[in-house]
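The structure under discussion appears below in the form of structure tokens.
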2 protein chains.
Amino acid sequence: MNSYTEENYLKSIYHLSVPTDESVSTNSIAASVNTKAASVTDMLKKLADKKLINYTKYQGVSLTEEGKAIAINIVRKHRLWEFFLVEKLHFKWDEVHELAEELEHITSVELIDRLDKFLGNPKYDPHGDPIPDSTGCIKKDELIPISTLQPGQSAIIMGVREHAPVFLQYLEKMNLTIGKQIKPIEVIAFDHSVLLSVNNNTVSISRDVAKNILVTI
Amino acid sequence: MNSYTEENYLKSIYHLSVPTDESVSTNSIAASVNTKAASVTDMLKKLADKKLINYTKYQGVSLTEEGKAIAINIVRKHRLWEFFLVEKLHFKWDEVHELAEELEHITSVELIDRLDKFLGNPKYDPHGDPIPDSTGCIKKDELIPISTLQPGQSAIIMGVREHAPVFLQYLEKMNLTIGKQIKPIEVIAFDHSVLLSVNNNTVSISRDVAKNILVTI
DNA sequence: CATAAAATTTAGGCAAGTCTAAAAATTTAA
DNA sequence: TTAAATTTTTAGACTTGCCTAAATTTTATG
Ligand SMILES: [Mn+2]
Ligand SMILES: [Mn+2]
Ligand SMILES: [Mn+2]
Ligand SMILES: [Mn+2]
């Protein structure tokens with residue numbers, strides 16, 4: 001069995017490696033798990049001994065197949081619990097992440113499979129992230145950030161790249177939630193902020209916000 | 001905040017002190033949390049420093065008001081999760097205890113209050129144990145073991161004293177589950193085993209079993 | 001009451017995970 | 001292509017929780 005701490009390291013390495021598919025640096029892991037680089041090095045040795053990561057000193061790390069499977073399973077648990085918290089307990093989408101960080105470490109496989117079934121085998125969590133199935137398969141859709149849309153090109157919000165509560169609360173307030181149809185009207189040359197229409201209203205969002213909202217055309 | 005381990009010690013001290021309301025010995029705690037007496041002594045010092053227990057060397061311990069409140073809250077979480085697992089995820093009553101041992105340490109108060117509401121504010125867990133409310137109040141009914149019934153005195157099964165899976169599975173097989181009406185027919189003088197009728201059948205249970213099934217008349 | 005037995009505590013250590021400071025390797029840039 | 005900056009690793013230490021063995025206290029018994 002792996003400790004709570006080991007699981008968090010594996011999950012962080014997974015999340016850090018997904019976007020680029022390159023090896024992950026000690027410092028980036030340290031930032032992600034909120035420790036110091038020296039502590040990360042200690043843990044990397046341990047995970048390498050357990051054959052959960054590929055590690056050569058100074059060269060960064062990647063997950064082995066086994067390590068990746070463990071990481072994906074934790075992501076599965078995290079997202080299913082988030083779905084549960086929002087759908088059944090009526091938490092808001094900005095309130096569930098921290099709770100899921102705890103719940104994702106509950107060990108029983110039987111529990112999570114039953115939870116999955118109880119929830120109706122949901123495919124996406126409250127932030128639009130895909131929920132891996134029990135075999136570790138993850139559906140990946142081609143989502144693009146609003147910042148890459150052309151003016152006039154309407155699209156539907158499918159997810160977010162940033163999960164910070166303040167960001168999610170802001171989206172809620174602007175009515176920019178999952179499932180909403182939006183259409184960029186104009187990109188302001190000065191600061192690249194985006195004017196877009198949602199629900200027949202025109203709203204303006206910064207480039208930074210536009211980059212963190214994912215849509216499908 | 002208290003660690004997972006500290007919570008388990010407090011819970012054990014609570015469960016050990018309830019029946020007799022006397023101070024609890026180091027050895028009994030060691031047996032209950034599955035460690036050695038020396039480790040218990042270490043922890044008792046720590047809990048005493050935190051003013052969660054009253055501790056004088058060699059004299060056993062009792063919970064302070066604060067310690068008791070923490071313990072009861074863990075019991076509340078344990079029993080609510082057990083209820084959830086049985087009612088919503090359809091686990092059997094002999095399968096939920098170990099899982100609840102993990103879930104009871106999830107920290108959020110908001111989570112547990114919402115879970116309570118989602119479940120319809122249940123009053124008893126799947127083993128008939130009362131679920132403390134959010135203020136720490138515990139309903140206590142006068143339940144008596146089958147072994148104290150007179151022959152002919154019919155009663156309803158309301159709980160069990162023993163939670164071991166093998167015991168619960170046995171009761172399930174014998175149809176001696178919560179809510180069932182039973183009537184002792186005869187106590188066998190030789191070994192104090194009890195003949196009783198359930199569902200128009202006559203079954204025989206040992207004295208030991210009879211002592212661990214709680215009923216109300 | 002004195003001694004034997006049992007329970008409890010102390011002493012000294014170990015493993016996991018973290019930290020700071022210092023050393024080593026790698027990367028960047030002059 | 002060498003020096004400086006950055007990143008990573010090592011060294012040494014701390015905390016939590018656990019252990020065994022030995023010492024101490026309490027309790028039981030003749
Ligand atoms: Mn999350
Ligand atoms: Mn999510
Ligand atoms: Mn239980
Ligand atoms: Mn129970």
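On a predicted model such as this, the values are computed, not experimentally measured, just so you know. Note that these values count all heavy atoms, side chains included, but never hydrogens, waters or copies made by symmetry. A, B, ... follow the sequence lines: proteins, then strands. Residue 1 opens every chain.
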Discussion item. Return whichever of Val33(A) or Lys57(A) has its heavy-atom-nearest nucleotide of DNA chain C closer to the 5' end.
Written reply: Val33(A)
Item to complete: Using the closest heavy atom to pick a nucleotide of DNA chain C for each, name whichever of Ser3(A) or Ser28(B) lands nearer the 5' end.
Response: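 Counting from the 5' end, the first nearest nucleotide belongs to Ser28(B).
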Starting from [atom2] on [N], measure out to [atom1] on [X] and report it in whole angstrom.
X        : N       : atom1 : atom2 : value
Asp42(B) : dG13(C) : CG    : P     : 15 Å
Lys36(B) : dT8(C)  : NZ    : P     : 15 Å
Leu47(B) : dT16(D) : CG    : P     : 12 Å
Asp49(B) : dT16(D) : CG    : P     : 11 Å
Lys50(A) : dA15(C) : NZ    : P     : 15 Å
Tyr58(A) : dA23(C) : OH    : P     : 13 Å
Leu44(A) : dA16(C) : CG    : P     : 16 Å

Distance test, side-chain N/O of [X] to OP1/OP2 of [N], below 4.0 Å:
X        : N       : value
Ser25(B) : dA7(C)  : no
Tyr9(B)  : dT16(D) : no
Thr5(B)  : dT16(D) : no
Asn27(A) : dT8(D)  : yes

Item to complete: First locate atom NZ of Lys117(A), then atom OG of Ser134(A), and finally report the distance between them rounded to the nearest 0.5 Å.
Response: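 Between Lys117(A) NZ and Ser134(A) OG, I get 12.0 Å after rounding to 0.5 Å.
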Worksheet item: Would you call Glu65(B) and Lys51(B) a salt bridge, taking side-chain N to carboxylate O under 4.0 Å as the test?
Response: no
Item to complete: Using a 4.0 Å heavy-atom cut-off across all strands, classify Tyr55(B) as base, sugar-phosphate, or nothing.
Response: sugar-phosphate
Practice prompt. Give Thr26(A) one of three labels, base, sugar-phosphate or nothing, depending on what nucleic acid heavy atoms sit under 4.0 Å from its own.
Written response: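 Sugar-phosphate contact only - Thr26(A) comes under 4.0 Å of backbone atoms but never of a base.
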Worksheet item: With a distance cut-off below 6.0 Å to the six-membered ring centre and an angular limit of 45° from the axis, does Lys123(B) pair with Phe83(B) as a cation-pi contact?
Response: no
Proximity to the side chain of [X] - top-ranked nucleotide from [options]:
X        : options                   : value
Gln59(A) : dT26(C), dT9(C), dT9(D)   : dT26(C)
Lys45(A) : dA11(C), dT9(D), dT10(D)  : dT10(D)
Thr35(B) : dT18(C), dA24(C), dC19(D) : dC19(D)
Thr41(A) : dT10(C), dT9(D), dC19(C)  : dT9(D)

Worksheet item: Is a side-chain donor or acceptor of Asn2(A) paired with a backbone partner of Glu6(A) at a separation under 3.5 angstrom?
Response: no
Worksheet entry | Asp21(A) atom CG, over 12 foreign heavy atoms within 6.0 Å | no
